Amino acid sequence: MSRWDTLKDRAPGLAAALPGWAIACVLVLAAIVIAEYAHYGGGHSFAQALVGHERGLMAWDSDWYLRIARDGYDSLPVEGLRYFPLYPIAARVANSVIGGGVKLHLLLIANCFALVAGVLLYRLCMHEKGNVRLATRSAWLLALAPPAFVLAMAYTESLALTFAIGTFYAMRRDRWGWAALAGLLAGLVRPTGLLLLAPVAVEAWRSLPPATPKRIALRVAAFLSPIAGTGIYLWWSHVARGDAFLPLTVQQRSNARGSFQLPLVTFWDAARELMTEARIDQGLHLLWVAILVVLVVNVFRHWPASYGAFAAVSLLQAVATSNLNSIERYGYGAFPIVLAAASLFDTPRSERLLLIGSSLAMTGYATAAFVSGFVP
């Protein structure tokens, strides 16, 4: 028996997720090379193009996490508070123990959790459907979805996905203590961890009988855990900055997510900019919103109610703002949408078309992001 056969036998989730994860890493590196030579003229070394200041894997929000991990929040303007602490603190602690620089540990943590997320998604899909092909396809699509290039960057997407999938995997297997831990970490890594309240409430109500004190306590703990995780950071903000809700309110500034706005108004504004200003990016955002709506409906039709609840509140939160920047990434963060997409392509030919097309789209989006032509 080969080593690969042994891996498939002993760790089928890892064997399913590893190839897609590795291919995604290669494609992201290819996008960096394309961006460097096609746009910047090859004026930087590979190391500079890969992890230079605000370049490559350290571009966009990655630089904020680097500055937090290296210097702390006190060295940043108030806008830096919108980046939650678990990820940069983990990199800072790892660097203090192992060394090598916080930049290295930010990237190692993000990429390792990207693989873990794929393994967990495979296991969750197997638990729900028992379909090896669907579970494997889902793990691959998680790594190769058009916005998935951020999993290789110093972003929190891989951690947020891992904790969200872990919460579902735990509570669907009636492991509510583990669900509470995953929810706590989700609340510490991103404010969107609070979106887990909806699916946890659905699952807690569905699985409660018999309503013994222990079962009630565990479900209440799981429900409150994302609030507790976010609350820890908000309490620190109150102590350090005198405003507990500052990490949330700075998100509403025009240079961040923007202020709350009814989704229909946001769609109208995007369509108007597409027609009057030829904003192709707005047209792509609207296309993605339409695709995400279709996939959310599919989740409600073919997956348990908690999956639909999480997909719906995630999409609603993503579009209830004054701009649609990063809608692709926010929608992708609702992992049941990935499961819905994977389930629609269930023949060998359609599966190949899905994964090849998605890989090409991911490479294109990554290249655009690395030349500052797309906001990830």
Side-chain angles (χ1 to χ4, degrees), residues 7 11 14 17-18 20-33 35-36 40 43-77 79-120 143 148-163 165-166 181-182 184-190 193 229 232-233 236-237 239-240 247 366 369-370 376:
L7 180 65
L14 180 59
L18 186 59
W21 174 83
I23 292 171
C25 291
V26 172
L27 292 178
V28 171
L29 292 177
I32 292 174
V33 172
E36 175 60 29
Y40 295 110
H44 302 86
S45 68
F46 179 73
Q48 289 174 322
L50 184 65
V51 292
H53 178 61
E54 296 187 7
R55 297 180 65 81
L57 300 180
M58 301 307 301
W60 297 99
D61 289 355
S62 301
D63 188 62
W64 285 99
Y65 287 114
L66 174 61
R67 293 161 68 188
I68 295 169
R70 186 179 56 205
D71 305 317
Y73 286 99
D74 291 339
S75 64
L76 301 181
E79 289 81 5
L81 292 177
R82 71 182 190 266
Y83 299 100
F84 274 44
L86 180 61
Y87 177 43
I89 287 177
R92 190 169 188 169
V93 171
N95 182 58
S96 67
V97 174
I98 303 173
V102 291
K103 185 182 294 187
L104 171 65
H105 291 288
L106 284 169
L107 294 173
L108 283 176
I109 290 170
N111 281 270
C112 288
F113 270 89
L115 180 57
V116 172
V119 173
L120 282 176
F149 66 91
V150 297
L151 299 184
M153 300 173 67
Y155 268 58
T156 56
E157 251 62 33
S158 60
L159 284 81
L161 281 168
T162 296
F163 299 143
I165 298 169
L181 176 60
L184 177 73
L185 296 174
L188 274 168
V189 80
R190 292 184 71 174
I232 291 170
Y233 181 45
W236 174 88
S237 177
V239 173
F370 295 142

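Note that the structure is a prediction, hence the values are computed from the model and not measured. Position 1 is the first residue of the sequence; numbering continues from there.
- With rounding to the nearest 0.5 angstrom, the CD1 atom of Ile98 is 8.5 Å from the CG atom of Leu108.
- Using a distance-only test at 3.5 Å, with no hydrogens or angles considered, no donor-acceptor pair links the side chain of Ser158 to the main chain of Asn111.
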**Request:** Test Leu188 against Ile89 for side chain to side chain contact (heavy atoms under 4.5 Å, CB included), laying out the working first.
**Result:** CA-CA 11 Å; Leu188 274 168; Ile89 287 177; over 6 Å; no
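- Taken to the nearest 0.5 Å, the CG atom of Asp63 stands 7.5 Å off from the CZ atom of Arg70.
- Taken from CD1 in Ile109 to CG in Leu86, the straight-line distance is 8.5 Å, to the nearest 0.5 Å.
- A donor-acceptor contact shorter than 3.5 Å links the side chain of Tyr87 to the backbone of Leu106.
- For Asn95 against Gly100, the heavy-atom pair with the smallest separation is OD1-N, 3.5 Å.
- In summary, of the residues considered (Met58, Glu54, His53), a side chain to side chain contact (heavy atoms under 4.5 Å, CB included) with Leu66 occurs for Met58 alone.
- Proximity of Glu36 to Gln48: side-chain heavy atoms (C-beta onward) are nowhere separated by under 4.5 Å.
- Checked by atom type and distance alone, the side chain of Trp60 pairs as donor or acceptor with a backbone atom of Ala369 at under 3.5 Å.
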**Message:** Could you go through Ile23 and Leu27, starting from their C-alpha distance and side-chain angles, then the distance that decides it, and tell me whether this counts as side chain to side chain contact (heavy atoms under 4.5 Å, CB included)?
**Reply:** CA-CA 6 Å; Ile23 292 171; Leu27 292 178; 3.9 Å; yes
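- In this structure, Phe370 CZ and Leu50 CG are separated by 8.5 Å, a value rounded to the nearest 0.5 Å.
- The two residues Pro88 and Ala69 have their closest heavy-atom pair at O-CB, 3.5 Å.
- Closest non-hydrogen pair, Arg67 versus Leu76, comes out as NE-CD2, 3.4 Å.
- For the pair Thr162 (side chain) and Val116 (backbone), a donor-acceptor distance under 3.5 Å is absent.
- Tyr65 contributes atom OH, which lies 8.5 Å from atom OH of Tyr155 (distance to the nearest 0.5 angstrom).
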**Message:** For Glu157 and Arg190: C-alpha separation, side-chain torsions, deciding distance, then whether side chain to side chain contact (heavy atoms under 4.5 Å, CB included) applies.
**Reply:** CA-CA 9 Å; Glu157 251 62 33; Arg190 292 184 71 174; 2.4 Å; yes
**Item:** Intermediate values then yes/no, side chain to side chain contact (heavy atoms under 4.5 Å, CB included), Thr156 and Phe84
**Value:** CA-CA 9 Å; Thr156 56; Phe84 274 44; over 6 Å; no
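- Between Leu115 atom CG and Leu18 atom CG the span is 6.0 Å, to the nearest 0.5 Å.
- Between Tyr233 and Tyr73, the ring centre distance stays below 6.0 Å.
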